[in-house]
Every structure is written in C-alpha cells, then in structure tokens.
Amino acid sequence: MADSKREIERKYDATDATRLPDLDRVAGVGSVAHEGVTELDAVYHDTEDLRLAAAGVTLRRRTGGADAGWHLKLPVAAHVRDEVRAPLSDAPPDQLTALIRSRTLDAPVVPVVRLVSARDVHVLTAPDGTALAELSVDEVVAERLHGGGRTAAWTEIEVELADDGDPAFLDTVGRVLEEHGIRPSAAPSKLARALGETAPAGTPPRTAAPAEPRTAGDHVLGYVRRQAEAIAALDPAVRRELPDSVHRMRVATRRLRSALRSHRRVLDREATAALGAELKWLAGELGADRDQEVLDARLRARLDALPVTLAVGPVRARLRLRSAAGRSGSRRRTTAVLDSARYLDLLRALEALLAAPPLLPGAGAPPADELARAVRKDHKRLAGRVARALDLPAGPDRDAALHSARKAAKRARYAAEAARPVLGKPAKKAVKRLKAVQSLLGDHQDGVVARAALRDLAVQADAAGEPSFTWGLLYGREEAAAAAVERELPAVWHRAHRARPRRP
C-alpha cells in the first residue's frame, strides 16, 4: 500500500571545504542533534526519452536510511513536492506506475541514473522540542546507467521542513547559510543535476526556454500547451482523490476544447475535430464525479437551512445513502476512464497536435487582432443564446436554453482568458463579467438537476412508507431560487455585454 507526504525543501551548493555555520544560532532553534552519516543508494527510473524528468517527476528505488523503498515525487509548487512511497520490490509497483501513466503513455521505465550518497544529518528543533527541519550535507556520486555511462560527483546541502512546519523557517535557515557564502543550488533536484552533468557530449539541454510569443499562433499554441500540461499534471491528483482535482482537470479539458473551437482561423478545425470530440468525451466522464459532488453539497445545504421541525422522517439518512452510492460509482468510473486505452490515445493525440500543429494563415496574424476577433465572435454567440432563453416562457424549454447559454458563457470566458495576456484590461474585465453570467447560469442548472434528484428522493421515500413532505418542500424552494436567478439574469448579462472587448 502506498502512502504519501508533502515535502518542502531547499537545496544549496557546497564543496568538501564548506563549513556549516553554528546552527544553534538560527532564530527559533533551541537545539541541534547530529544524527551521523547514512549511506543511501538510489536508482532512478524513467522512459528512454526521459519523459518524467522533463515534467519534474522522479521515480526511484532507494535502499539505506529509514525510508527505504520506492519513492515517486510529484511537483506541487516551487520547492514543494508530494512524495508517494511504496515498499521495496524488484520492479516499479503498479500503484506508482499508474500515477505516472499520463507522462509515460505506457512506455516502459528503465534505470537511467544511480545516485550513491553519504548523508550527514542534523535535526533542528525548537526550544520546546518540536522538530523544525532536517539539514543534511550530502556527498553524491552519480552514474549514468542509460545513455553514456558517465559519472559525476558533488556535495550539496539540503534543508527539509519538518511535517506541519512553517515554510518561513526555511527562509530563516537560508539567510544564515547565505551569510556564510553558501548559495542556493541552480538544479531543482539531484536527478536533474545528475542528468545534466552525466549527459553525453553534445547533448542539448533537456528543456529550452520558450520563445517569446509574437503571433496569434504563438499565443494560441501556448494556451493549448498549458491546458494539455494541466491535464497530464492533474491525472495523478485525480487518482489520489485529492480535493478539487477532478474539477480542475475537467476545467482544463474544457478550456482546451474551447480553444480549438474558438480559434478556427489559427488551427485547422477539420484537423482538430476528432480531438475536440475526445476532449468532450473526457470532460463528460470527469463530470460524473464532479456533478455528484456539487449535487450532494447543494442538497445538504438546502436541508441544513430548514428548521428542524420541517425535516420530517429519516431525510438525512436517505440523503447519506444516496450520496454514498453515487460517489462510489462515480469514482470507480473516473478511475476506469483514466486507465482506458481511449484516454491514453487522447493524450498521444495532444502530443501530436503540439508537435505538428495544423496552423492556418490566421496563425501569422498580429495577436491582438486575431484574439480579439475570437472573443467578439464567442460573445456574439452567447448574446444570441441569452436572448433566445429570455424570450421563452418559464419551463423545461427555458431551462434547456439557459443551460445552452451557460455553455456559451464558458466558451466566451475561456476565449477572453486566452486573450488576456494580449488585450490586457479589456479582456480582464470581460472575464470578470462573463464569469458572473456563467456562475448565475450554473446556479440555475444546478437547481434543475437538484429538482430532478428531489423528485426521485420523494418517490423513493413514498415507496418506503416514509414522509415525502420535506422533499416536496425543498423542491418548491429550488423552484423559487430558479425564478430569482431568471429575474436577475438580464441585469447581469447587460453588464457583461457592455464589457465585451472592442476592436483593437
């Protein structure tokens, strides 16, 4: 069984002659315990083309020390990674290889680098005995196992924050180290340094700084690349059931699909149509879990708002049963989707698109002209859907039309977000106003879904001989909330319509 921990650390360059400052004098430190030297032997695994390293992900098998086993490190933010651990075995454990599937695309992982380290450990504790951080001086020898057989050696200092510690303490330690001439390391990890220093002669850098975007095509492809990266990066978070991960992955999928549809003068629509259909499929599958989560939260909130005397019968127990059954099924479905060949083919298609984008003449246009045109086009589309919905009488047809307008609002908002680096404040204002429209229409659609669920709950309660009064009462409140949204929509839409970007 794999477990995980959040790892927050800083790395510094050192030499054999580097002397540590008096760590007892670091502000907040009560004592320093020298725990001696530990020998560590780690073999890092990656695909032959180093896909994991390119994404800042590391997979290693380490012996020695208190945490021997398999370690998978997933980047979270600068100096922050989640480390997922599994017991020692000869081959990478399945629970870890599943978490890197969106990176490897099922390519085999092989040993690429071996690092042998002598780690001299010092534990910094507060006056009350609370652990603050672990500072280690590591003497490292790296051997390239795949592609060259070269070696390298260096010494570095690593300061890792204790569990639940204050990250500001690392800044305090860092200032003391730098005052003594010890500088932060330029390499983000030991593996990155090992790969750089043992690379065969003439090997280009693993990553190159992206060129400054100059054309509409540069901006659109940059936006598409960021959303594709978000999907791959969020895959392991979804598998680990981290909070909000499904929602964020679904949003990235929708943004990407919207970009392919909005920028038809930049990217060939015929060439991207199949990919767009697969992105729609993925967003729909991810929605099963997210929609269930939103519905559960809404129904609980509605029930919590009722006076106790109006919650007649075992309503909370019935709601818990319905929620548990729905969430269990949706989570299994999400995992099955991420394990499917169809999902893997989608990720490969994204790579192929970015490697050889089907650019049209509009890609070479000035970015302000082309991106503003796309925003105005999507805004006009939204205007037509809002007008149609408002012309309909209240009822199922208007509900469906408002849901359609909500989808158009998302697309218009995403187009404005993509244009924001180019159009500046006008696009920022449009995003804000369109988000208000989208949120209002989203609340309306959530109410439509909630009314259907409440109707089902009432039928089930009645069949079980339970009172259905409370479900009917909540249904009526949802109807009243929907009517309030429909009254508010014209004013919110008017503000958004006035904020649409003009021609540059």
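Remember, it's a predicted structure, so these values are computed and weren't measured experimentally. Heavy-atom basis, side chains included; hydrogens, waters and symmetry copies ignored.
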Partner of Arg298 by salt bridge (Lys or Arg N to Asp or Glu O under 4.0 Å), out of Asp304, Asp291, Asp443:
Asp443
Does Val140 offer a backbone N or O that forms a donor-acceptor pair with the side chain of Asp138 under 3.5 Å?
no
Do you see a donor-acceptor pair shorter than 3.5 Å between the side chains of Thr63 and Asp41?
no
Side chains of His71 and Arg85 only: does a donor on one sit below 3.5 Å from an acceptor on the other?
no
Hey, could you give me the OG1/CD distance between Thr215 and Glu370, rounded to the nearest 0.5 Å?
10.0 Å
Residue pair Arg342, Asp345: steps toward the salt bridge (Lys or Arg N to Asp or Glu O under 4.0 Å) verdict:
CA-CA 5 Å; Arg342 184 175 181 178; Asp345 288 342; over 6 Å; no
Given Ser136, which of Glu158, Glu35, His122, Glu156 fulfils the side-chain contact (heavy atoms from CB on, under 4.5 Å) condition?
Glu158
In this structure, CG of Leu234 is separated from CZ of Arg250 (nearest 0.5 Å) by 14.0 Å
Looking at Arg240, I want to see if its CZ is surrounded by more than 12 non-hydrogen atoms of other residues, nucleotides or ligands under 6.0 Å.
yes
Over 12 non-hydrogen atoms of neighbours within 6.0 angstrom of CG in Asp90
no
Scan side-chain atoms only and decide if Arg150 and Thr198 contain a donor-acceptor pair under the 3.5 Å cut-off.
no
Flag, side chain of Arg183 to backbone of Glu178, donor-acceptor distance under 3.5 Å:
yes
Does a side-chain N-to-carboxylate-O contact under 4.0 Å join Arg101 and Asp106?
yes
Side-chain touch Asp13/Ile182, heavy atoms, less than 4.5 angstrom
no
Just so I know, are the side chains of Leu135 and Leu20 near enough to count as touching, which here means a heavy-atom distance under 4.5 Å?
yes
Atom pair CZ/CG of Arg322 and Leu299 - distance to nearest 0.5 Å:
6.5 Å
CZ (Arg25) with more than 12 external heavy atoms under 6.0 Å
no
Between Tyr343 and Trp281, which heavy-atom pair has the shortest distance, and what is it?
N-CH2, 3.9 Å
Is the side chain of Ser245 donor-acceptor paired with the backbone N or O of Leu242 at a distance under 3.5 Å, no angle test?
yes
Contact between Lys11 and Ile157 at the side-chain level, heavy atoms closer than 4.5 Å - yes or no?
no
Judged by modelled atom types alone, do Thr104 and Thr47 share a side-chain donor-acceptor pair under 3.5 Å?
no
Under 3.5 Å, is there a donor-acceptor pair between the side chain of Trp70 and the main chain of Pro93?
no
Evaluate the side-chain contact (heavy atoms from CB on, under 4.5 Å) criterion for residues Lys73 and Val57: first the C-alpha distance (whole Å), next the side-chain angles of each, then the deciding distance (0.1 Å), finally the verdict.
CA-CA 6 Å; Lys73 297 193 179 188; Val57 176; over 6 Å; no
If you measure from OG on Ser258 to CZ on Arg411, what distance do you get to the nearest 0.5 Å?
6.5 Å
Side chains of His34 and Asp120 only: does a donor on one sit below 3.5 Å from an acceptor on the other?
yes
Check this for me: Asp94, atom CG, are more than 12 non-hydrogen atoms of other residues, nucleotides or ligands nearer than 6.0 Å?
no
Salt-bridge test for Arg119 and Glu139: reply yes if a basic N is under 4.0 Å from a carboxylate O, no otherwise.
no
Would you confirm whether Asp235, through its side chain, and Ala232, through its main-chain N or O, come within 3.5 Å as a donor-acceptor pair?
no
Charged N to carboxylate O under 4.0 angstrom, Glu83 versus Lys5?
no
Test item: Ser262 side-chain N/O and Ala259 main-chain N/O as donor-acceptor pair under 3.5 Å
no
Are there over 12 heavy-atom neighbours, none belonging to Asp24, within less than 6.0 Å of that residue's CG?
yes
Apply side-chain contact (heavy atoms from CB on, under 4.5 Å) to the pair Leu221 and Leu359, showing each step before the final yes or no.
CA-CA 10 Å; Leu221 286 176; Leu359 297 177; 4.0 Å; yes
Spell out, as yes or no, whether a donor-acceptor pair under 3.5 Å connects the side chain of Ser185 to the backbone of Ala187.
yes
For Ser31 against Thr125, the heavy-atom pair lying closest together:
OG-OG1, 2.7 Å
Can you tell if the side chain of Arg10 reaches within under 4.5 Å of the side chain of Asp171, non-hydrogen atoms only?
yes
Any side-chain donor near an acceptor of the partner, Arg413 and Gln438, under 3.5 Å
yes
Please answer whether the main-chain N or O of Leu195 pairs with a side-chain N or O of Arg144 as donor and acceptor at a distance below 3.5 Å.
yes
Does a side-chain heavy-atom distance below 4.5 Å link His247 with Val294?
no
Val173: which of Leu161, Leu124, Leu132 passes side-chain contact (heavy atoms from CB on, under 4.5 Å):
Leu124
To check you understand the geometry: which heavy-atom pair defines the closest contact between Glu39 and Ala118, and what is its length?
OE2-CB, 3.8 Å
Minimum-distance pair of heavy atoms, taken over all atoms of Leu72 and Leu96:
CD2-O, 3.9 Å
For Ala409 against Val437, the heavy-atom pair lying closest together
CB-CG1, 4.3 Å
As a quick check of understanding, evaluate side-chain contact (heavy atoms from CB on, under 4.5 Å) for Leu371 and Val220, giving each step before the final call.
CA-CA 8 Å; Leu371 270 65; Val220 171; 4.3 Å; yes
Search all heavy atoms of Leu145 against all heavy atoms of Val43 and return the closest pair with its distance.
CD1-CG1, 3.9 Å
Give the C-alpha distance, both sets of side-chain angles, the deciding distance and a yes or no for side-chain contact (heavy atoms from CB on, under 4.5 Å) between Asp46 and Val109.
CA-CA 5 Å; Asp46 205 335; Val109 294; 5.5 Å; no
Is the shortest heavy-atom distance from the side chain of Glu9 to the side chain of Val159 under 4.5 Å?
no
Verify the distance criterion only: is there a donor paired with an acceptor across the side chains of Arg60 and Tyr44 at less than 3.5 Å?
yes
Asp163 and Arg6 ion-paired at < 4.0 Å
no
Between Lys435 and Leu440, is there a side-chain heavy-atom distance shorter than 4.5 Å?
no
More than 12 heavy atoms of other residues, nucleotides or ligands under 6.0 Å from CZ of Arg214: is that the case?
no
Does a donor on one side chain sit under 3.5 Å from an acceptor on the other, for Tyr414 and Asp378?
no
N-O pairing of Glu351 and Arg51 below 4.0 Å
yes
Sidechain-backbone polar pair: Ser340 side chain, Val337 backbone, donor-acceptor under 3.5 Å
yes
Does any part of the side chain of Thr334, heavy atoms only, come nearer than 4.5 Å to the side chain of Glu285, both counted from C-beta?
no
Check the pair Arg103 / Glu229 against salt bridge (Lys or Arg N to Asp or Glu O under 4.0 Å), numbers first and verdict last.
CA-CA 10 Å; Arg103 299 298 190 182; Glu229 168 60 23; 2.7 Å; yes
Quick check: are there more than 12 heavy atoms from other residues, nucleotides or ligands sitting under 6.0 Å from CZ of Arg248?
no
